[in-house]
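Before any comments, here is the structure.
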Amino acid sequence: MKLPRDFYARDTLLVARELLGMHLVHVGAGSAGWRRVGRIVETEAYKGADGDRAAHSWRGPTPRNRVMFGPPGHAYVYFVYGMHFCFNVVTEPEERACAVLVRALEPVEGLSERTSGPALLCRAMGIDRSCNGVDLCGPVLWIEEPGGGAAARRRVRVGRSARIGVDYAGAWAQRPWRFFDRDSTFVSTARRSSARSPRTTRSTSSR
DNA sequence: GGCACGATTGCT
DNA sequence: GCAATCGTGCCT
């Protein structure tokens with residue numbers, strides 16, 4: 001059953017945690033008729049309105065991040081490193097600029113490529129810039145509770161850690177806002193981030 | 001208009 | 001450890 005918009009309209013940390021075990025579904029239109037399904041096993045929370053400097057939205061709306069400022073339950077897909085896409089779910093009430101990044105999936109149906117890692121899962125699921133802004137309560141791309149319902153989700157043993165690849169965000173990078181299924185072998189392996197000077201304080205008050 | 005850098009990945 | 005590769009956002 002498709003998750004309703006109310007599910008996404010809640011606190012981002014809660015949504016990030018509860019998305020673990022849910023199924024991400026993407027269907028192709030017309031005669032192409034394909035269907036790809038992956039079980040979410042790793043997520044990260046980003047809270048723009050709270051000043052989270054790791055969030056794309058922390059400075060305010062721009063053409064690129066505008067979807068994050070819109071209503072919850074929509075896909076925020078962005079292009080990075082000149083070659084990759086990352087998939088997020090917009091959370092909390094409009095203007096809160098919060099989202100959950102989906103970082104890894106366990107293949108369930110129609111997936112033949114690797115799904116461990118935010119960019120890899122987008123490639124495997126066929127998610128690209130055309131999915132940006134898509135309503136997750138619509139007929140093309142959505143998240144649903146798998147068969148077995150709440151009982152199945154309850155079995156997820158949730159692990160937490162700091163978010164990956166956001167060292168530039170200073171103290172915000174230390175927050176344990178990454179959630180993962182401790183029993184899944186599809187969780188992305190966090191590459192060793194520069195564990196050097198813990199304090200990279202920059203005071204760029206130029207403007 | 002220019003330029004540094006990224007919510008990554010893969011190869012050396 | 002570093003290149004690939006280009007859109008975005010901040011700067012001159």
Side-chain angles (χ1 to χ4, degrees), chain A residues 8 12-13 15-17 19-20 24 38 40-70 72 74-92 96-105 107 111-133 136 143 159-180 185-197 200-207:
Chain A
Y8 304 104
T12 306
L13 296 182
V15 174
R17 191 163 55 234
L19 278 178
L20 295 179
L24 174 61
I40 298 173
V41 296
E42 181 181 348
T43 61
E44 281 181 359
Y46 288 87
K47 307 186 65 164
D50 289 346
D52 174 11
R53 295 175 70 124
H56 288 167
S57 54
W58 80 276
R59 283 176 192 268
T62 68
R64 177 218 206 181
N65 67 24
R66 68 184 168 73
V67 175
M68 285 186 76
F69 289 82
H74 287 253
Y76 168 48
V77 179
Y78 64 90
F79 184 62
V80 276
Y81 295 110
M83 63 190 100
H84 299 303
F85 291 102
C86 289
F87 168 77
N88 298 257
V89 169
V90 177
T91 58
E92 305 200 19
R96 284 282 300 157
C98 296
V100 172
L101 169 70
V102 177
R103 294 190 53 92
L105 302 173
L111 294 174
S112 53
E113 300 174 59
R114 280 173 299 170
T115 52
S116 297
L120 287 173
L121 79 84
C122 279
R123 191 150 55 113
M125 288 290 292
I127 293 172
D128 59 24
R129 73 180 83 243
S130 72
C131 296
N132 189 42
L136 296 176
I143 299 174
R160 294 183 64 159
S161 80
R163 292 170 295 180
I164 295 174
V166 294
D167 288 350
Y168 58 81
W172 291 95
Q174 323 268 341
R175 303 280 186 112
W177 288 358
R178 170 174 176 251
F179 300 86
F180 56 92
T185 58
F186 288 87
V187 172
S188 73
T189 55
R191 186 159 303 194
R192 197 87 203 102
S193 57
S194 54
R196 274 189 239 107
S197 54
T200 316
T201 311
R202 281 187 311 165
S203 54
T204 19
S205 56
S206 58
R207 188 174 252 298

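With rounding to whole Å, E113(A) atom CD is found 14 Å from dT9(B) atom C1'. Counting to the nearest Å, the P atom of dG7(C) and the CZ atom of F85(A) are 10 Å from each other. Rounded to an integer number of Å, the gap from CZ of R53(A) to P of dG9(C) is 16 Å. At whole-Å resolution of the value, CH2 in W58(A) and P in dA7(B) are 13 Å apart. Rounded to an integer number of Å, the gap from M83(A) CE to dC5(B) C1' is 13 Å. The separation between L120(A) atom CG and dA4(C) atom P is 19 Å, rounded to whole Å. Remark: C1' of dC10(C) and CZ of R64(A) are 13 Å apart, rounded to the nearest angstrom. Between the C1' atom of dT9(B) and the CZ atom of R103(A) lies a distance of 11 Å, rounded to the nearest Å.
With Y168(A) as the aromatic partner, R53(A) does not meet the cation-pi criteria of under 6.0 angstrom to the ring centre and within 45 degrees of the ring axis. The cationic group of R163(A) lies under 6.0 Å from the six-membered ring centre of Y46(A) and within 45° of the ring axis, placing it in a cation-pi geometry.
Across dG10(B), dA7(B), dT5(C), the shortest atom-to-atom separation from the side chain of R114(A) is found for dG10(B). Among dG10(B), dT8(B), dA7(B), the nucleotide with an atom closest to any side-chain atom of Y168(A) is dA7(B).
Within the 4.5 Å cutoff, no side-chain heavy atoms of V187(A) are placed close to those of S116(A). Looking only at side-chain heavy atoms (C-beta outward), D128(A) and C122(A) stay at 4.5 Å or farther from each other. For the pair T115(A) and L120(A), the minimum side-chain heavy-atom distance is 4.5 Å or more. Side-chain atoms of Y78(A) and Y76(A), non-hydrogen and from C-beta on, do get closer than 4.5 Å to each other. Using a 4.5 Å heavy-atom threshold, the side chains of V166(A) and W172(A) count as separate.
One finds a salt bridge joining D50(A) and R96(A) here, because a Lys/Arg side-chain nitrogen approaches an Asp/Glu carboxylate oxygen to under 4.0 Å.
For a distance-only test at 3.5 Å, the side chain of Y78(A) qualifies as a donor-acceptor partner of the base of dA7(B).
Counting any heavy atom pair closer than 4.0 Å across all strands shown, R129(A) reaches no nucleic acid atom. Backbone-only engagement by F79(A) is indicated by non-hydrogen atom pairs under 4.0 Å involving sugar-phosphate atoms exclusively. As judged by a 4.0 angstrom heavy-atom cut-off over every strand, A54(A) is placed among the base-contacting residues.
Under 4.0 angstrom from either OP1 or OP2 of dT9(B) there lies no side-chain N or O belonging to H84(A). For the OP1/OP2 pair of dC10(C) and a distance below 4.0 Å, the side-chain nitrogens and oxygens of R59(A) include at least one atom meeting the criterion. Look at T62(A) and you won't find any side-chain N or O under 4.0 angstrom from OP1 or OP2 of dT8(C).
Comparing dT5(C) with dG2(B), their P atoms are spaced 23 Å from each other, to the whole Å.
DNA chain C forms stems at B:1-6 with C:6-11, B:8-11 with C:1-4, each a run of 3 or more consecutive Watson-Crick or G-U wobble pairs whose two key distances fall under 3.5 Å.
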